[in-house]
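What follows is a short report on a single structure.
Residue numbers begin at 1 in each chain, while the letters A, B, ... track the order of the sequences.
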There are 2 protein chains.
Amino acid sequence: MSTTNTENPTLTKLLDAAEEQMLSCGYVAASIDGICTAAGVTKGSFFHYFKSKEELGKVLLERFGNRQQERFMDACTGIADPLERVYKVIETAIQSCQSPDMKGCLIGTFAQEISETHPELREICKCSFEGFATGMGADLTAAKELYAKGASFDAASLGAYFLSVIQGSMLLMRTNGDGEAMALNLEHFREYLRSLYGR
Amino acid sequence: MSTTNTENPTLTKLLDAAEEQMLSCGYVAASIDGICTAAGVTKGSFFHYFKSKEELGKVLLERFGNRQQERFMDACTGIADPLERVYKVIETAIQSCQSPDMKGCLIGTFAQEISETHPELREICKCSFEGFATGMGADLTAAKELYAKGASFDAASLGAYFLSVIQGSMLLMRTNGDGEAMALNLEHFREYLRSLYGR
DNA sequence: ACTGTCATACCGACCGGTAGGTAGGTGGCC
DNA sequence: GGCCACCTACCTACCGGTCGGTATGACAGT
């Protein structure tokens with residue numbers, strides 16, 4: 001039942017298969033049997049690593065959240081200016097949404113499906129969302145101090161606004177198939193920031 | 001098997017119960033048994049009106065889409081100016097997202113869950129989304145001609161952007177519970193329009 | 001070096017429950 | 001009498017989860 005992963009190949013296969021299935025079909029529709037088949041592993045093995053489907057969900061959510069955070073951390077290490085850091089994050093998002101291996105956001109997928117039925121999973125989604133939104137909000141508040149001191153807009157809520165644009169765009173992507181619209185949306189958001197902070 | 005509704009009480013109860021369950025738990029997790037129990041009707045009766053769960057989904061999606069369209073139509077009949085019409089829609093959205101009987105968007109919920117597994121349902125979601133986005137886009141394009149003729153922004157894509165903000169905000173609402181953040185997001189969007197079209 | 005012990009990793013048959021869906025009615029109304 | 005709305009009873013498949021078992025390998029005692 002040890003779920004801490006130090007390159008355990010079976011566990012990794014299980015997690016990867018589960019992530020893929022849940023990203024495309026959602027948490028409920030992804031069955032444990034299906035995940036095991038995709039991972040080339042039996043059900044007994046699954047329950048050796050996870051005590052329930054919900055626990056798999058937690059681990060998956062945590063892993064996805066950490067990876068995403070890492071990604072954005074990597075993108076803007078070394079950038080001191082908060083506004084530049086935000087622009088860098090937007091640019092990173094624009095680039096990654098156009099790559100074909102962009103399968104969507106597990107946190108958004110889960111949030112939609114299980115918020116009423118699995119409070120613990122919802123809580124993890126909420127924390128991930130809040131972490132991202134408040135992080136961006138902090139940078140944007142600091143940037144306001146630097147570049148738009150007297151202006152009347154609420155910088156802190158821009159983080160959640162940005163997150164909404166991302167999640168909404170990804171939702172629309174599911175019916176459209178392509179990520180082109182998402183790139184346009186992110187550009188609109190960037191343009192909004194420019195109008196607030198000056199160019 | 002006639003699904004056309006001219007005030008059929010049983011059918012209406014079935015549809016209402018299904019909509020409520022699917023809005024809160026999603027399409028997959030909402031069971032036919034559960035819907036029938038909530039509607040106070042037996043399963044035989046359900047299959048008298050719908051030949052499958054997927055057909056229920058179609059009818060539900062159609063009904064929800066039409067209602068939503070009606071709602072926004074009503075909100076801005078008589079307003080000739082396209083930009084004012086858009087602002088009116090935004091205001092309507094801000095108001096309705098703060099009311100407690102705001103349960104979310106069925107189309108967004110479905111789009112997330114079934115886009116990979118039920119192509120016909122996905123198509124309906126896509127059409128609803130596109131209808132809304134291009135409708136708003138048309139008004140915003142017309143408004144650009146009137147108020148921001150020379151400007152360089154892409155007015156047509158603002159419709160999809162608006163829709164993304166709405167859908168993303170609703171997704172975040174599911175983890176937060178309250179619609180306050182959504183109102184803030186819509187105000188940010190309105191502010192963006194003001195920056196593009198002048199005040 | 002050999003052997004017994006024990007934990008870990010993994011297997012696959014099996015369980016009860018519930019899912020979507022079907023069949024065959026019953027009763028009321030034109 | 002026949003149609004329509006609706007009900008009861010039932011079917012099969014599959015769901016999440018359990019359980020008894022096996023293969024492997026590290027380690028200890030002799």
Going 5' to 3' through nucleotides 21-30 of chain C and flagging B where a protein heavy-atom sits under 4.0 Å of the base, S where only the sugar-phosphate is that close, and - otherwise, we get BB--------

Between atom CD in E55(B) and atom P in dG20(C), what is the gap in whole Å? 15 Å

Verify the contact: side-chain N or O of S45(A) to OP1 or OP2 of dC11(C), cut-off strictly under 4.0 Å; return yes or no. yes

Is A29(B) touching bases, backbone alone, or none of the nucleic acid, heavy atoms closer than 4.0 Å? nothing

Measure the acute angle between the ring planes of F162(B) and F189(B), then classify it against the limits of 30° and 60° as parallel, tilted or perpendicular. parallel

Closer than 3.5 angstrom, by distance alone: can the side chain of T134(B) be matched with the main-chain N or O of G137(B) as a donor-acceptor pair? no

Whole Å only: how far is the OH atom of Y49(A) from the C1' atom of dT8(C)? 9 Å

Co-membership, hydrophobic cluster, residues L184(A) and Y192(B), 4.5 Å side-chain: no

Look only at the side chain of K53(B) and the backbone of Y27(B), and say whether a donor-acceptor pair between them is shorter than 3.5 Å. yes

Side-chain (K103(B)) to main-chain (E20(B)) donor-acceptor, under 3.5 angstrom: no

Phosphate contact (dC15(D) OP1 or OP2) by S31(A) side-chain N/O below 4.0 Å: yes

Determine whether a donor-acceptor pair (N or O, by modelled atom type, separation under 3.5 Å) exists between the side chain of K58(B) and the backbone of I124(B). no

Closest to the H48(B) side chain: dC10(C), dA5(D), dC11(C)? dA5(D)

Starting from P on dC14(D), measure out to CD1 on I35(A) and report it in whole angstrom. 16 Å

State whether T42(A) places a side-chain N or O below 4.0 Å from either non-bridging phosphate oxygen (OP1 or OP2) of dC10(C). no

